[in-house]
Amino acid sequence: MITREPTIERLATAKSLLLTPFGLDESHLTKALNEIKAHQVDEADLYFQYTRSEGWSLEEGIVKTGSFSIDQGVGVRAVSGEKTAFAYSDDISEASLLDAARTVRTISSAAQSKRTKTATTKIAGSRKLYAGLDPISTLDSTTKVELLGKVEKLARAKDPRIIQVMAGLASEYDVVMVARADGTIAADVRPLVRLSVTVIAEQKGRREVGSSGGGGRFGLAYFTDAQIEEYVNQAVHAALTNLDARPAPAGEMTVVLGSGWPGILLHEAIGHGLEGDFNRKGSSAFSGRIGQRVAAKGVTVLDDGTIADRRGSLNVDDEGNASQRNVLIEDGILKGYIQDSMNARLMGVAPTGNGRRESYAHVPMPRMTNTYMLGGDKEPEEIVKSIKKGLYAVNFGGGQVDITSGKFVFSASEAYWVENGKIQYPVKGATLVGSGPDCLKRVSMIGNDMKLDSGVGTCGKEGQSVPVGVGQPTLRIDGLTVGGTA
């Protein structure tokens, strides 16, 4: 539910960290925005941010590094047509604000001859998807170090072939405030934690790696003994499985993707192509195709920033718009794109709550939140049994995509060769090669086991990184090209 109450509560926190210590109040924000509006601009905003982050990492049985940082600043933006002028400063002061405002307004050489009217302040509506807590303070330093030690001890006890364990614990407390030229003011308080586990296994001189982890927008108490053991089991299983892996065969074949994290292929191969900026410019493989069939029947893809406690979720985006549940593809038909304010205005549609930026030092752009495919009606076991000869890819490493063509390349970190419906052996070095739009049309079976990832995703675009989520059910894709090493 979108209401003003959560915003009022968060504004108090934001003002106490971002305005009051610097002798500022809302009148100073209005003054800076009026400076920009003295020239003819379509949009303008101020983005204040305070971020406190901490990280601990363990290697070779000891916590080798611990880091703590505080960053704060303000970004000032003016938009005229398709052009954006942007300035930022880590000095939060009236002088810096006004200086940045006068700098960015030069994007429009046309000064307003009439007096600018001060917009009435409007408190933005927002969601309440996560608690506004500081996760760094939810455990003391000694307990954090002990938690990492527990990971190390547990992983080594699983199997004598585990020769190295690396673990990392990261926490972040992020407070943002947005003031827009139309008078809208919004704020968010965003906790974020993540635990990562990597192990190295050795057998007969061969070494393999396995990784796992997770997190979200909550405190460190989430990492219970049971949760830690689950991550360790997954990492150890992946490393030991790969010790017995054979070279992957190459060619065009049936590929079954596992549920959960393999949704990263969906994120890269399809999600980026549905971002508003690429479609407005006509550079996406999905440009101008709304209302057309772009995927097999049964394929429904969403970008949803409204799932409680998820890594990719937001109460409001970085332009002050409430996050939304956006249906991008429904039963194979393209329904819409994800939008920030500028691209939405230029395309004549409403923003979708996807205006995101890495920090106050970056401009917002349309970005994904939690992108996933809805489940179907098939049992996962039935899908694997349907493979005559092909690949079952359970987990993925990295990947990349060309937005214009939709072509992608992905490496499988855990995969199996299947014949006559039976898993034969694990394979190593399998890469999936294809085109996102073409791949969607080749989906022939959709599992009933839709699962979101464990909370580890980070998305890069134009040099900016933001936390995201992905998910999907088990999927069968016919005739996908696999690059192998056999």
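Since we're looking at a predicted model, the values are computed, not measured. Hydrogens, waters and symmetry mates play no part in the numbers below; they use all other heavy atoms, side chains included.
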Consider only side-chain N and O atoms of [X] and [Y], and report whether a donor and an acceptor are under 3.5 Å apart.
X	Y	answer
Gln234	His237	no
Asn448	Glu379	yes
Asp188	Asn315	yes
Ser323	Thr306	no
Arg367	Asn354	no
Arg10	Ser126	yes
Ser57	Thr65	yes
Arg77	Thr84	no
Ser465	Thr458	no
Thr352	Gln324	no
Thr198	Ser211	yes

### Test side chain to side chain contact (heavy atoms under 4.5 Å, CB included) applied to Leu302 and Arg325, step by step
CA-CA 7 Å; Leu302 289 82; Arg325 180 181 187 270; 3.1 Å; yes
Would you find more than 12 non-hydrogen atoms of other residues, nucleotides or ligands less than 6.0 Å from [X] atom [atom1]?
X	atom1	answer
Lys144	NZ	yes
Lys153	NZ	no
Lys128	NZ	no
Tyr88	OH	no
Gln400	CD	no

### Query
Checking Asp317 side chain against Asn321 main chain: does a donor-acceptor pair fall under 3.5 Å?
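Checked: pair present.
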### Message
Checking the side chain of Arg206 only, and the main-chain atoms of Leu243 only, is there a donor and an acceptor separated by less than 3.5 Å?
### Response
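Between the backbone of Leu243 and the side chain of Arg206 there is a qualifying donor-acceptor contact (under 3.5 Å).
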### side chain to side chain donor-acceptor pair (under 3.5 Å) partner of Arg52, the single match among Asp134, Asp71, Asp174
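The residue from Asp134, Asp71, Asp174 that satisfies side chain to side chain donor-acceptor pair (under 3.5 Å) with Arg52 turns out to be Asp134.
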### Task
Could you walk me through whether Val165 and Arg156 pass side chain to side chain contact (heavy atoms under 4.5 Å, CB included), step by step?
CA-CA 8 Å; Val165 181; Arg156 287 188 180 277; 3.9 Å; yes
### Query
How far apart are the C-alpha atoms of Glu229 and Lys158, what are their side-chain angles, what is the distance that settles it, and do they pass the salt bridge (Lys or Arg N to Asp or Glu O under 4.0 Å) test?
CA-CA 10 Å; Glu229 180 151 23; Lys158 292 285 173 190; 2.8 Å; yes
### Query
Does the salt bridge (Lys or Arg N to Asp or Glu O under 4.0 Å) test come out yes or no for Glu275 and Lys461, once each step is laid out?
CA-CA 11 Å; Glu275 290 169 336; Lys461 177 179 173 182; 3.0 Å; yes
### Verdict with supporting geometry, Asp277 and Lys281, salt bridge (Lys or Arg N to Asp or Glu O under 4.0 Å)
CA-CA 6 Å; Asp277 46 357; Lys281 294 169 187 172; 5.3 Å; no
Do the charged groups of [X] and [Y] touch, with an N to O distance under 4.0 Å?
X	Y	result
Lys297	Asp331	yes
Arg207	Glu202	yes
Glu208	Lys428	yes

### Message
Run the side chain to side chain contact (heavy atoms under 4.5 Å, CB included) test on Gln472 and Leu257 for me, step by step, so that the C-alpha distance in whole Å, both residues' side-chain angles and the decisive distance to 0.1 Å come before the verdict.
### Response
CA-CA 9 Å; Gln472 69 172 41; Leu257 307 179; 3.4 Å; yes
### Task
Assess whether salt bridge (Lys or Arg N to Asp or Glu O under 4.0 Å) is satisfied between Asp478 and Arg476, documenting all intermediate values.
CA-CA 7 Å; Asp478 295 333; Arg476 173 174 156 148; 2.7 Å; yes
### Message
Is the terminal nitrogen or CZ of Arg246 (NZ for Lys, CZ for Arg) located under 6.0 angstrom from the six-membered ring centre of Tyr425 and within 45° of that ring's axis?
### Response
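Yes - Arg246 lies over the ring of Tyr425, closer than 6.0 Å to its centre and within 45° of its axis.
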### Query
Under the 6.0 Å and 45° cation-pi test, does Arg190 pair with Tyr130?
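Output no; distance or angle outside limits.
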I'd like to check [X] versus [Y] (side-chain heavy atoms, cut-off strictly below 4.5 Å). Are they in contact?
X	Y	answer
Gln49	Met177	no
Leu154	Ile228	yes
Ile329	Thr300	no

### Task
Give a yes or no on whether the ring-centroid distance for Phe396 and Phe410 is below 6.0 angstrom.
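Yes, the ring centres sit under 6.0 Å apart.
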